[in-house]
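Throughout, protein chains are lettered first and strands after them, A, B, ... in sequence-line order, and every chain is numbered starting at 1.
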Amino acid sequence: MTIYQTYASHVNAALDTLVADGVLPPDLPRDKVAVEPPRDTTHGDLACNAAMVLAKPAGVKPRDLAEKIAERLRAVDSIDTVDIAGPGFLNLRLDDGVWREELREIAAQGADYGRSDSGKGVSVNIEYVSANPTGPMHMGHCRGAVVGDALANVLQFAGHEVTREYYINDAGGQVDTLARSVHLRYREALGEDVGTIPEGLYPGDYLLATGARLAEELGDRYVRAPESEWLVLFREEAVADMMAMIRADLALLGIHHDVFSSEAALHKGGKAEAAEADLRARDLVYDGVLEQPKGKTIEDWEPVELPLFRSTQFGDDQDRPIKKSNGSWTYFGADLAYHYQKAQGSDALIDIWGADHAGTVKRIKAAVAALTEGKTAFDVKLVQMVKLLRGGEPVKMSKRSGSFVTLAEVVEEVGKDVVRFTMLTRKADAQMEFDFVQVVEASKDNPVFYVQYAHARIQSTLRKALAEMEVSPSDARLDLLGAEENELIRMAAQFPRIVESAASAREPHRIAFYLGDLAAAFHAFWNLGNDRPDKRIIMTQDAETTAARLYLAAQIGQIIRNGLALMGVDAADSM
RNA sequence: GCGCCCUUAGCUCAGUUGGAUAGAGCACGAGACUUCUAAUCUUGAGGCCGCAGGUUCGAAUCCUGCAGGGCGCACCA
């Protein structure tokens with residue numbers, strides 16, 4: 001139990017006695033009662049809003065109710081003072097021992113500190129990356145990959161059973177184009193001069209290897225053969241190679257999915273037909289004709305009857321076709337079936353998408369709501385674009401020549417940890433700049449460095465104390481810790497709350513911001529020792545105080561490691 | 001024309017799902033290095049939370065309208 005949960009239960013007990021005494025009516029909903037750290041630390045250690053939330057339904061004045069709750073809370077041993085402030089806040093000040101005890105808790109739980117079971121019983125499927133298997137990963141995929149992976153870590157830490165999934169779009173027109181591009185490279189590998197790559201095909205050099213491999217394995221038998229004879233084969237081979245490449249790219253970032261789902265396999269298994277039948281039976285799919293969109297003229301518009309999903313019933317502004325006029329499935333039609341399949345295996349679904357797909361969120365949410373009859377929680381997290389800069393100047397990217405900035409190049413240049421941390425320094429739905437120069441700067445402007453530096457400082461202090469004083473961290477005399485140290489502990493004790501909020505809000509960036517704050521607090525404490533030698537961690541004349549402060553520093557280090565681990569970043573022991 | 005996202009200090013951004021006097025960093029002013037790693041810290045100034053209504057004990061946060069910016073708008077993926 002965290003400190004906050006412990007004191008929430010004290011508040012609950014106090015409310016129970018008030019109900020028993022007839023001051024409060026029974027059955028008041030208490031879900032809005034919160035015990036939280038106050039924003040302003042001068043207000044105490046914990047703040048509770050119970051009196052304000054319950055006063056109205058109970059028909060009493062907030063401050064009167066607050067006074068009654070306060071009376072009962074004052075009887076709790078570990079609570080030093082209870083003040084009533086503002087409109088009826090209960091401000092609790094805890095005995096210092098409570099915080100010292102939390103420090104021992106951190107030490108005892110170690111890498112598990114912050115783990116909770118709040119997500120227990122709710123399995124989550126999180127689909128992220130799902131880049132089209134037509135080439136290597138580039139920076140456009142990077143942010144979604146990191147956000148998805150970090151979120152998966154956070155959810156797991158919060159007790160959810162998590163499935164990390166990648167959806168392979170291996171059934172659309174793009175992979176046919178890929179197959180044709182590879183066929184060209186295959187002919188090239190057999191000695192043909194193919195000249196410049198025609199418009200509409202993928203020009204990238206990364207297809208050379210696949211072409212060469214197929215030339216070696218298949219010989220020249222498909223050089224002159226009609227497309228119908230080789231398209232499927234070349235498509236499968238090319239997709240397999242592209243996926244191998246993508247997996248290798250993801251591995252550079254430390255990302256490993258549990259499940260790779262193939263769109264082609266979905267169709268083979270008749271999943272789309274099954275979903276359609278299900279929806280038709282409930283009149284959620286019908287054959288109809290779409291109107292031409294208003295405010296936009298389409299030259300070759302022709303009204304066609306298509307099977308349409310009634311997404312307007314779920315708030316979309318148009319019903320959406322699940323099949324094309326040529327009979328094949330639309331992306332949406334397949335995606336609908338795919339989400340149906342995912343919903344069979346998990347209680348909650350999360351998709352991480354690029355913001356350019358924002359327009360399709362409504363229809364897929366509608367589809368999932370329809371297919372699962374609203375039973376499966378489903379979230380789409382949109383991830384905004386990343387602008388690449390070098391020293392403030394935009395990095396030029398040309399998709400046409402195939403010379404985009406690849407993920408592998410970036411990881412090679414700045415390292416996995418810098419990429420991952422930086423991608424989490426903004427809310428996912430806010431635009432972000434990634435400056436190659438800035439992200440590797442060794443200064444406090446650079447949060448990656450700043451947090452790493454705090455950790456390295458802690459580790460080096462531990463080493464130094466051991467080497468020069470033969471003193472190790474110890475909890476024997478934690479009573480020697482003062483007010484400044486307690487501030488630090490208070491901050492450290494928030495970690496479990498932060499993890500929980502990051503999990504429930506699905507916002508992994510909160511971990512990064514918290515670590516920045518924690519690092520700042522540690523750096524501040526450290527520098528206090530410059531002005532006040534009695535506040536240094538290492539006190540050569542005082543082994544007991546040194547041991548206690550080392551214990552504190554070690555636990556701060558532990559939390560930084562735990563937070564970084566959730567982000568998928570390794571902690572540095574020295575810099 | 002419609003839908004979604006955004007608008008917070010000069011700049012870049014947080015804001016614990018509705019809490020108290022709205023916070024950081026950069027930049028600007030003033031300070032701290034014979035150090036425990038100054039790769040850091042302390043301190044000052046800086047605000048109509050885009051605008052206008054509404055909801056309530058209480059709004060940057062929720063609702064409505066408006067303005068400005070971004071993205072997307074037949075069968076593409």
A.B. asks: Under 4.0 Å: is that the gap between some side-chain N or O of A/R497 and OP1 or OP2 of B/U16?
C.D. replies: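 No, A/R497 has no side-chain N/O under 4.0 Å of OP1/OP2 on B/U16.
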A.B. asks: Pick base, sugar-phosphate or nothing for A/A505, based on heavy-atom distances below 4.0 Å to the nucleic acid.
C.D. replies: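 Base contact.
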A.B. asks: Between the side chains of A/E165 and A/S261, is a donor N or O closer than 3.5 angstrom to an acceptor N or O?
C.D. replies: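 Yes, because at least one side-chain N or O of A/E165 sits under 3.5 Å from a partner of the opposite role on A/S261.
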A.B. asks: What integer distance in Å separates A/L389:CG from B/U12:P?
C.D. replies: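 About 13 Å, once rounded to whole Å.
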A.B. asks: Take atom CZ of A/R457 and atom C1' of B/C41, then tell me their distance rounded to the nearest Å.
C.D. replies: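 It works out to 8 Å between those atoms.
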A.B. asks: I want to verify a distance call: between B/C6, B/U16, B/U37, whose nearest atom is closest to the A/S501 side chain?
C.D. replies: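 So the side chain of A/S501 is nearest to B/U16.
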A.B. asks: Could you state the atom-to-atom distance from CD of A/Q438 to P of B/C13 in whole Å?
C.D. replies: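 In whole Å, B/C13 P and A/Q438 CD are 11 Å from each other.
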A.B. asks: Quick one: is B/A77 close enough that its OP1 or OP2 comes under 4.0 Å of any side-chain N or O from A/K324?
C.D. replies: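 Yes.
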A.B. asks: Give the rounded distance in Å between these two atoms: NZ of A/K32 and P of B/C62.
C.D. replies: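 Value for this atom pair: 13 Å.
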A.B. asks: For a quick check of understanding: with a heavy-atom distance under 4.0 Å over all strands, which category does A/A465 fall into, base, sugar-phosphate or nothing?
C.D. replies: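 Nothing, no heavy atom under 4.0 Å.
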A.B. asks: From the options A/V11, A/L92, A/T6, select the one residue that forms a side-chain contact (heavy atoms from CB on, under 4.5 Å) with A/L46.
C.D. replies: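 For A/L46, the side-chain contact (heavy atoms from CB on, under 4.5 Å) test succeeds with only one of A/V11, A/L92, A/T6, which is A/L92.
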A.B. asks: Have a look at A/G88 and say if it touches a base, only the backbone sugar-phosphate, or nothing, with a 4.0 Å heavy-atom cut-off.
C.D. replies: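 No contact at all - A/G88 keeps every heavy atom at 4.0 Å or more from the nucleic acid.
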A.B. asks: If we require ring centres under 5.5 Å and near-parallel planes under 30°, does A/H357 stack on B/G72?
C.D. replies: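 Stacking is absent between B/G72 and A/H357, given that the ring centres and planes do not meet under 5.5 Å and under 30°.
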A.B. asks: Among the candidates B/U42, B/U40, B/A20, find the nucleotide nearest to the side-chain atoms of A/F449.
C.D. replies: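 From the listed options, B/U40 comes nearest.
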A.B. asks: Please report the distance, rounded to the nearest Å, between CZ in A/R363 and P in B/C76.
C.D. replies: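 Result: 9 Å.
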A.B. asks: Measuring centre to centre across the rings, with the benzene-like ring taken for any Trp, is A/H455 within less than 6.0 Å of A/F522?
C.D. replies: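 No, they do not, as the ring centres are separated by 6.0 Å or more.
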A.B. asks: From C-beta outward on A/E36, which listed nucleotide comes closest to its side chain: B/U40, B/A77, B/U17?
C.D. replies: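 Nearest to the side-chain atoms of A/E36, counting from C-beta on, is B/U17.
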A.B. asks: Going by modelled atom types, is there a donor-acceptor pair between the base of B/A20 and the side chain of A/N91 at under 3.5 Å?
C.D. replies: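 Answer yes: a donor N or O sits under 3.5 Å from an acceptor.
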A.B. asks: Which sits closer to the 5' end of RNA chain B, A/R320 or A/W329, going by the nucleotide each is nearest to?
C.D. replies: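 Residue closer to the 5' terminus by nearest nucleotide: A/R320.
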A.B. asks: Judged by modelled atom types alone, do A/N446 and A/E441 share a side-chain donor-acceptor pair under 3.5 Å?
C.D. replies: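 Their side chains do not contain a donor-acceptor pair, so the 3.5 Å distance test is not met.
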A.B. asks: Thinking salt bridges, do A/R390 and A/D435 make one under a 4.0 Å N-O criterion?
C.D. replies: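 A salt bridge is absent here (no side-chain N lies under 4.0 Å from a carboxylate O).
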A.B. asks: Give me the distance, rounded to whole Å, that separates B/U61 from B/G1 when you measure between the C1' atoms they each carry.
C.D. replies: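 After rounding to an integer number of Å, I get 31 Å for this pair.
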A.B. asks: Distance check: side-chain N/O of A/S325 vs OP1/OP2 of B/C75, anything under 4.0 Å?
C.D. replies: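 So the side chain of A/S325 is outside the cut-off, no N or O lying under 4.0 Å from OP1 or OP2 of B/C75.
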A.B. asks: Which part of the nucleic acid, if any, lies within contact of A/D356, taking any heavy atom under 4.0 Å across all strands shown: a base, the sugar-phosphate backbone alone, or nothing?
C.D. replies: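 Sugar-phosphate only.
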A.B. asks: May I ask you to decide if A/L308's main-chain N or O and A/D319's side chain share a donor-acceptor pair within less than 3.5 Å?
C.D. replies: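 No, because the side chain of A/D319 does not come within donor-acceptor range (under 3.5 Å) of the backbone of A/L308.
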A.B. asks: State which of B/C75, B/G15, B/C6 makes the closest approach to the side chain of A/D429.
C.D. replies: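 Per side-chain heavy atoms of A/D429, the pick is B/C6.
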A.B. asks: With P as the reference atom in both, quote the distance from B/G47 to B/U8 in angstrom, rounded to an integer.
C.D. replies: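 15 Å, rounded to whole Å.
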A.B. asks: Could you check whether the side chain of A/N527 and the base of B/U40 have a donor-acceptor pair of N or O atoms closer than 3.5 Å, going by distance alone?
C.D. replies: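 Looking at the base of B/U40, it does pair with a donor or acceptor on the side chain of A/N527 (distance under 3.5 Å).
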A.B. asks: Quick check: on RNA chain B, is the nucleotide nearest A/A358 upstream (toward 5') of the one nearest A/Q174, or the reverse? Name the residue that is more 5'.
C.D. replies: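 On the 5' side of the pair lies A/A358.
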A.B. asks: Among B/C41, B/C57, B/G19, find the nucleotide with the atom closest to the side chain of A/K56.
C.D. replies: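 Looking only at heavy atoms from C-beta outward on A/K56, the closest nucleotide is B/C57.
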A.B. asks: Compare side-chain N and O positions of A/K427 against OP1 and OP2 of B/G15 and report whether any pair is under 4.0 Å apart.
C.D. replies: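 The answer is yes; a side-chain N or O of A/K427 sits under 4.0 Å from OP1 or OP2.
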A.B. asks: Would A/K342 and A/E127 pass as an ion pair if we require N to O under 4.0 Å?
C.D. replies: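 Salt bridge: yes.
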A.B. asks: Whole-Å distance between B/U16 P and A/N49 CG?
C.D. replies: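 Between P of B/U16 and CG of A/N49: 14 Å.
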A.B. asks: If I pick the C1' atom on B/A30 and the same atom on B/A45, what distance separates them, to the nearest angstrom?
C.D. replies: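 Here B/A45 and B/A30 have their C1' atoms 11 Å from each other.
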A.B. asks: Sticking with atom P, work out how far B/G10 lies from B/C6, rounded to a whole angstrom.
C.D. replies: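 Straight-line distance between the two P atoms is 22 Å.
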A.B. asks: Under 4.0 angstrom, heavy atoms only, what part of the nucleic acid is A/A524 near: base, sugar-phosphate, or nothing?
C.D. replies: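 Sugar-phosphate contact only - A/A524 comes under 4.0 Å of backbone atoms but never of a base.
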A.B. asks: Does the side-chain ring of A/F513 sit on the six-membered ring of the B/A14 base, less than 5.5 Å centre to centre and under 30° in tilt?
C.D. replies: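 Aromatic stack with B/A14 absent for A/F513.
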A.B. asks: Measure from the side-chain N and O atoms of A/E487 to the backbone N and O of A/E484, and report whether any donor-acceptor pair falls under 3.5 Å.
C.D. replies: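 Absent.
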A.B. asks: OP1 or OP2 of B/A77 less than 4.0 angstrom from a side-chain nitrogen or oxygen of A/Y338, does that happen here?
C.D. replies: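 Checking A/Y338 against B/A77: no side-chain N or O falls below 4.0 Å of OP1 or OP2.
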A.B. asks: Remember a base hit wins even if backbone is also touched, and classify A/M575 as base, sugar-phosphate or nothing at under 4.0 Å, heavy atoms.
C.D. replies: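 Touches a base.
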A.B. asks: Short question: side chain of A/N326, backbone of A/S328 - any donor-acceptor pair under 3.5 Å?
C.D. replies: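 Between the backbone of A/S328 and the side chain of A/N326 there is a qualifying donor-acceptor contact (under 3.5 Å).
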A.B. asks: Assign A/K365 to base, sugar-phosphate, or nothing according to its heavy-atom contacts below 4.0 angstrom with the strands shown.
C.D. replies: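 Nothing: the residue A/K365, judged by heavy atoms under 4.0 Å, touches no strand.
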A.B. asks: Please measure how far the P atom in B/U43 lies from the corresponding atom in B/G23, and state the result in whole Å.
C.D. replies: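 These two P atoms come out 14 Å apart once rounded.
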A.B. asks: With sugar-phosphate meaning primed atoms plus P, OP1 and OP2, does A/G172 contact a base, only sugar-phosphate, or nothing at under 4.0 Å between heavy atoms?
C.D. replies: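 Sugar-phosphate, backbone atoms only, no base.
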A.B. asks: Looking only at the side chain of A/K464 (C-beta and beyond, no hydrogens), which of the listed nucleotides B/A20, B/U37, B/U16 gets closest?
C.D. replies: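 Taking heavy atoms from C-beta onward, the closest nucleotide is B/U37.
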A.B. asks: Using the side-chain heavy atoms of A/P38, tell me which of these nucleotides is nearest: B/G19, B/C75, B/A20.
C.D. replies: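 Closest nucleotide among those given: B/A20.
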A.B. asks: If the P atom of B/C71 is compared with that of B/A60, how far apart are they to the nearest Å?
C.D. replies: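 Their P atoms lie roughly 30 Å apart.
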A.B. asks: Heavy atoms only, 4.0 Å cut-off, all strands: where does A/V304 land among base, sugar-phosphate and nothing?
C.D. replies: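 Base, at least one base atom sits under 4.0 Å.
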A.B. asks: Please measure how far the P atom in B/A22 lies from the corresponding atom in B/G68, and state the result in whole Å.
C.D. replies: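 Going atom to atom, P in each nucleotide, I get 30 Å.
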A.B. asks: Contact class for A/S328 vs. all strands (heavy atom < 4.0 Å): base, sugar-phosphate, or nothing?
C.D. replies: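 A/S328: no heavy atom of the nucleic acid under 4.0 Å.
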A.B. asks: What nucleic acid atoms does A/P87 come within less than 4.0 Å of, heavy atoms only: base, sugar-phosphate, or nothing?
C.D. replies: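 Counting heavy atoms under 4.0 Å across all strands, the contact made by A/P87 includes a base.
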A.B. asks: Mind checking A/V499 for me? I need base, sugar-phosphate or nothing, with any heavy atom below 4.0 Å counting as a touch.
C.D. replies: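 Since no nucleic acid heavy atom lies under 4.0 Å of A/V499, the category is nothing.
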A.B. asks: Base, sugar-phosphate or nothing for A/S460? Non-hydrogen atoms, less than 4.0 Å.
C.D. replies: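 Here A/S460 touches the bases of the nucleic acid.
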A.B. asks: In whole Å, what separates the P atom of B/A77 from that of B/G15?
C.D. replies: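 That atom pair is separated by 36 Å.
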A.B. asks: It should be established whether A/K362 places a side-chain nitrogen or oxygen under 4.0 Å from OP1 or OP2 of nucleotide B/C4.
C.D. replies: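 Yes, because at least one side-chain N or O of A/K362 sits under 4.0 Å from OP1 or OP2 of B/C4.
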A.B. asks: Using only atom types and a distance under 3.5 Å, with no angle test, would you say the side chain of A/D417 pairs donor to acceptor with the backbone of A/D570?
C.D. replies: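 It does hold such a pair.
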A.B. asks: Quick one: A/H509 NE2 to B/G25 C1', roughly how many Å, whole number?
C.D. replies: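 Rounded to the whole Å, the gap is 15 Å.
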A.B. asks: I need the NZ-P distance between A/K61 and B/G58, as an integer number of Å.
C.D. replies: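 One finds 16 Å between P of B/G58 and NZ of A/K61, rounded.
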A.B. asks: For the base of B/U37, is there a side-chain donor-acceptor partner from A/Y453 under 3.5 Å away?
C.D. replies: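 Side chain to base: pair found, below 3.5 Å.
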